[in-house]
Each structure stands twice: as structure tokens, then as C-alpha cells.
Asks: 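Sharing a structure with you now.
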There are 2 protein chains.
Amino acid sequence: MTEPIRRSPCPINFALELFGDKWTLLIIRDLIFMRKKGYGEFMESPEGISTNILADRLRQLVDNGLIEKYPDHNDKKKFVYLLTEKGEALVPVLVEIIRWGVQYDTQAKNAIPIEVSARLKSDAMGFIEETRKSVRKERKQYLKWLAS
Amino acid sequence: MTEPIRRSPCPINFALELFGDKWTLLIIRDLIFMRKKGYGEFMESPEGISTNILADRLRQLVDNGLIEKYPDHNDKKKFVYLLTEKGEALVPVLVEIIRWGVQYDTQAKNAIPIEVSARLKSDAMGFIEETRKSVRKERKQYLKWLAS
DNA sequence: CCGGATCCGTTTCGATACTG
DNA sequence: CAGTATCGAAACGGATCCGG
């Protein structure tokens, strides 16, 4: 039987400012599952983040290397935030959170399309991989697009 | 290719007060990996939670059905907080967080025993299952012990 | 008009002292 | 030991302003 991890200056601390913050979590959700990229898009989320908080969290995420900020090639006034590899690697965490919600939270269960929750049950790994790939692909495409 | 989950009153909201809060996350870590059960034990954690916050978060966790509060059979003045099934189901989430940390955060990498991080790489599912089983077993034993 | 920065009133949080 | 009460500090929401 595995011993508890115990001791050590405590794992998880690294994740506190990430998962210990409501707004950061919401932005990551938007990045991964809603495929949002722009400041304006994040602002539209129903939770109603305010401008200062959003700017602050985006800066934090950039500082921590989870996202990168690029000019928007469609509109030179805008910017685009893309998940880095490190950010993309959070997909499994988010998916596990959602799986938990689907199992134990009625509201979450209802909020998520049936085919998705079925997929989560039958093939979570596949779902995770596809989501990651899709995020990575979008990023690559965008960067190529931007270079041209 | 999987479509993004998109739309719906947004998944994840259910998890905000859980994962959107630093202290809650730390308590859950203690419950799962440090096998802590008592108020005093949580207080000892190096992050230094204060009494009111701890009391508040424990109450929240009880209200949300993640833990249950029982009298301590060793010491009638004390209490014991045990993860419910719903709480135990968070193990995969925590493990994914740690896996992410081990990959992308130097501090986390160093904080976690080598054999654990090796295990996480080679057999995360097994590790998760063992951890869950172990949590469940401890709970059952405690409840039996309490009844006697 | 878009992506912020700044200021400010309010709420929430958390450290400390204190209590049953 | 397991909390509550208090009170200062920090975070937040909202409005406003500003540079491109």
C-alpha cells in the first residue's frame, strides 16, 4: 500500500495562486473550453469579471508562463492570449474537476451536454488528449497566421 | 475532433468555492495526503491558517458534504473530520494538480519524494486508486472504532 | 472603440485576542 | 482544544479616464 505523500515542504503550494483563485480558474476555463482568446471575450463571461481584475490575472498568467500575449492579426488594436504548453498541460486538471462535478454536483451535471459527460465517463483520457491537441493546434495555427 | 464544451451556464462554477479558495485546497490536501483529521493538525500546517478561517472552511466543507464531523473517540473534547465519498472523489483532481506541478514547477518537483513522482509518471491511475482506497479504508475503520 | 490603468467605496479576509 | 469577536488590511466591483 502506498504511504501518504506526507512531509516535504508540502506539495501543492505551487498551485495555490492558480487554483486558489476564482478568477484565474475562470479564465483558464474560458481559454481551454470556450476557446476564448481576447480581453473582450473574457469580459463577456457570465460571472462578470471586472476590468482591473481581468488585467491583473492575465498579467499573472503571462508572468507564470501559462499564457502568452500576441497582437491580434485581425485588429491591430486588440490582443490575443494563447495557452502555452505549460498552460495546456492544465487540461487534465480541469477535466478531472469537471468529472467530479458531473458525478457529485447536480448543477454541473445539468450544465454539461450529455454527450460530453458520456464521453467523460467512457473515455476521459481520449477526451483529454483531444482537447489538448486541439488547443495546441489552434495555437500553432494562430502563430503561423500571425507570422504571415 | 471534439468540439469545445462551450455554452451552457458554464461548467466549473460548482467548483469555484472549492478550488477557488486557497485554504480549502490546503485542507483537502491535508485530509488526503497528510491524513490529518483534527482541528489541531490542520493548524500545524506550515502555511499557518488562522483559527477563524479554519473553522469557517471546515464548516463549508461539512455543508457541502465533502467531510463529516465526528467526536474523537480518544479524547471527548476533540473532533475528527473525515472525507466523505464525495470528498474522497477529489483525489484524482489533487493528483492531477500535483502531476502538473511535478512537470512544470521546480519547487514542486523538489518537494515531492522521488519515488512518488516516479510512480505518478508510470502509474498515476494506480496511485489514485490506492490513495482513494486508503482514504476509504481509514474512514471505515474509524467509524467502526467509533461505534464500539 | 478596445485594452487597460487608476481611483474609491464596500466587502471580504485573515491575524490576534479572547472565551466556553 | 475548538472555536468566536474584533478590527485592520487586502481584495473586489464599478466608474472613470486614457493612450493607441
Side-chain angles (χ1 to χ4, degrees), chain A residues 10 13 15-31 34-64 66-83 142 146, chain B residues 10 13 15-31 34-64 66-83 142 146:
Chain A
C10 296
N13 285 5
L16 290 184
E17 58 178 82
L18 232 179
F19 295 103
D21 181 72
K22 168 187 172 180
W23 297 116
T24 304
L25 208 54
L26 287 172
I27 293 171
I28 293 174
R29 173 205 63 190
D30 284 349
L31 285 162
M34 313 297 188
R35 303 299 159 82
K36 294 187 179 180
K37 288 183 273 302
Y39 192 95
E41 292 178 290
F42 298 124
M43 287 298 298
E44 285 166 13
S45 291
E47 291 83 7
I49 190 170
S50 57
T51 65
N52 52 349
I53 305 297
L54 177 56
D56 178 69
R57 298 303 193 272
L58 287 173
R59 199 181 317 120
Q60 269 189 42
L61 286 169
V62 170
D63 290 348
N64 288 321
L66 295 174
I67 61 177
E68 279 166 351
K69 181 178 182 175
Y70 298 104
D72 186 328
H73 62 75
N74 291 318
D75 183 345
K76 290 294 180 184
K77 289 170 293 191
K78 294 189 183 182
F79 295 94
V80 148
Y81 298 88
L82 300 179
L83 285 163
Y142 189 87
L146 196 68
Chain B
C10 297
N13 286 6
L16 289 184
E17 58 178 80
L18 231 179
F19 296 102
D21 181 72
K22 170 187 171 180
W23 297 115
T24 304
L25 208 52
L26 287 172
I27 293 170
I28 293 173
R29 173 205 62 190
D30 285 348
L31 285 161
M34 313 298 187
R35 302 298 159 82
K36 295 186 178 179
K37 288 184 273 303
Y39 193 96
E41 290 178 290
F42 298 125
M43 287 299 297
E44 284 167 15
S45 291
E47 291 82 7
I49 191 169
S50 56
T51 62
N52 55 345
I53 304 298
L54 177 57
D56 178 70
R57 298 305 193 271
L58 287 173
R59 198 179 318 120
Q60 266 188 46
L61 286 168
V62 171
D63 288 349
N64 288 321
L66 295 174
I67 61 177
E68 280 166 351
K69 183 178 183 174
Y70 298 103
D72 186 329
H73 63 76
N74 290 318
D75 181 346
K76 290 296 182 185
K77 289 171 292 190
K78 292 191 184 183
F79 295 94
V80 148
Y81 299 87
L82 301 178
L83 285 163
Y142 189 86
L146 196 68

Asks: Below 4.5 Å, heavy atoms only, C-beta onward: do B:Ile67 and B:Ile28 meet side chain to side chain?
Replies: no

Asks: Can you find a donor-acceptor pair, distance only, under 3.5 Å between B:Ser50 side chain and C:dT16 base?
Replies: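 Side chain to base: no pair present.
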
Asks: Please tell me if the side chains of A:Thr24 and A:Leu61 come closer than 4.5 Å, counting only heavy atoms from C-beta onward.
Replies: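 Counting from C-beta outward, A:Thr24 and A:Leu61 do come under 4.5 Å.
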
Asks: Between B:Met43 (CE) and D:dA2 (C1'), how many Å, whole number?
Replies: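 Result: 10 Å.
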
Asks: In this structure, how many angstroms lie between the P atom of C:dG4 and the CZ atom of A:Phe42, rounded?
Replies: 10 Å

Asks: Return whichever of B:Ile49 or A:Asp56 has its heavy-atom-nearest nucleotide of DNA chain C closer to the 5' end.
Replies: A:Asp56

Asks: Is the shortest side-chain N/O distance from B:Arg57 to OP1 or OP2 of C:dG14 below 4.0 Å?
Replies: yes

Asks: Which whole-number value in Å describes the distance from B:Asp72 CG to D:dC1 C1'?
Replies: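 In whole Å, D:dC1 C1' and B:Asp72 CG are 11 Å from each other.
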
Asks: When the distance from NZ of A:Lys37 to P of C:dC2 is rounded to whole Å, what number comes out?
Replies: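 Taking NZ of A:Lys37 and P of C:dC2, I get 17 Å after rounding.
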
Asks: Whole Å only: how far is the CZ atom of B:Phe79 from the P atom of C:dG20?
Replies: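 Interatomic distance, CZ of B:Phe79 to P of C:dG20: 17 Å.
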
Asks: Kindly indicate whether the side chain of A:Thr51 and the base of C:dA5 share any N or O donor-acceptor pair separated by less than 3.5 Å?
Replies: yes

Asks: For B:Ile53 and D:dT6, what is the distance between atoms CD1 and P respectively, to the nearest whole Å?
Replies: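 After rounding, the gap between these two atoms is 16 Å.
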
Asks: Can you see whether B:Phe79 has B:Lys69 sitting over its ring - NZ or CZ less than 6.0 Å from the centre and within 45° of the normal?
Replies: yes

Asks: Can you check the B:Ile67 CD1 to D:dA2 P distance for me, whole Å?
Replies: 13 Å

Asks: Taking OP1 and OP2 of D:dT4, is either one under 4.0 Å from a side-chain nitrogen or oxygen of B:Tyr39?
Replies: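 False: B:Tyr39 side-chain N/O out of range (4.0 Å or more) of D:dT4 OP1/OP2.
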
Asks: Just how far, in rounded Å, is P of D:dG19 from NZ of A:Lys78?
Replies: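 Between P of D:dG19 and NZ of A:Lys78: 22 Å.
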
Asks: Quick one: is A:Arg59 getting a side-chain N or O under 4.0 Å of the C:dA5 phosphate, OP1 or OP2?
Replies: yes

Asks: Remember a base hit wins even if backbone is also touched, and classify B:Lys77 as base, sugar-phosphate or nothing at under 4.0 Å, heavy atoms.
Replies: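 Sugar-phosphate contact only.
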
Asks: Are A:Lys36 and A:Phe42 in a cation-pi contact, defined as NZ or CZ under 6.0 Å from the six-membered ring centre and within 45° of the axis?
Replies: no

Asks: Between the base of D:dG14 and the side chain of A:Asn52, is one N or O donor paired with an acceptor at under 3.5 angstrom?
Replies: yes

Asks: So does B:Lys22 get a side-chain nitrogen or oxygen closer than 4.0 Å to the phosphate oxygens (OP1/OP2) of D:dA10?
Replies: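 It does not, given that no N or O in the side chain of B:Lys22 lies less than 4.0 Å from OP1 or OP2 of D:dA10.
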
Asks: Check whether the side chains of A:Glu41 and A:Tyr39 place a donor and an acceptor atom closer than 3.5 Å, and report yes or no.
Replies: no

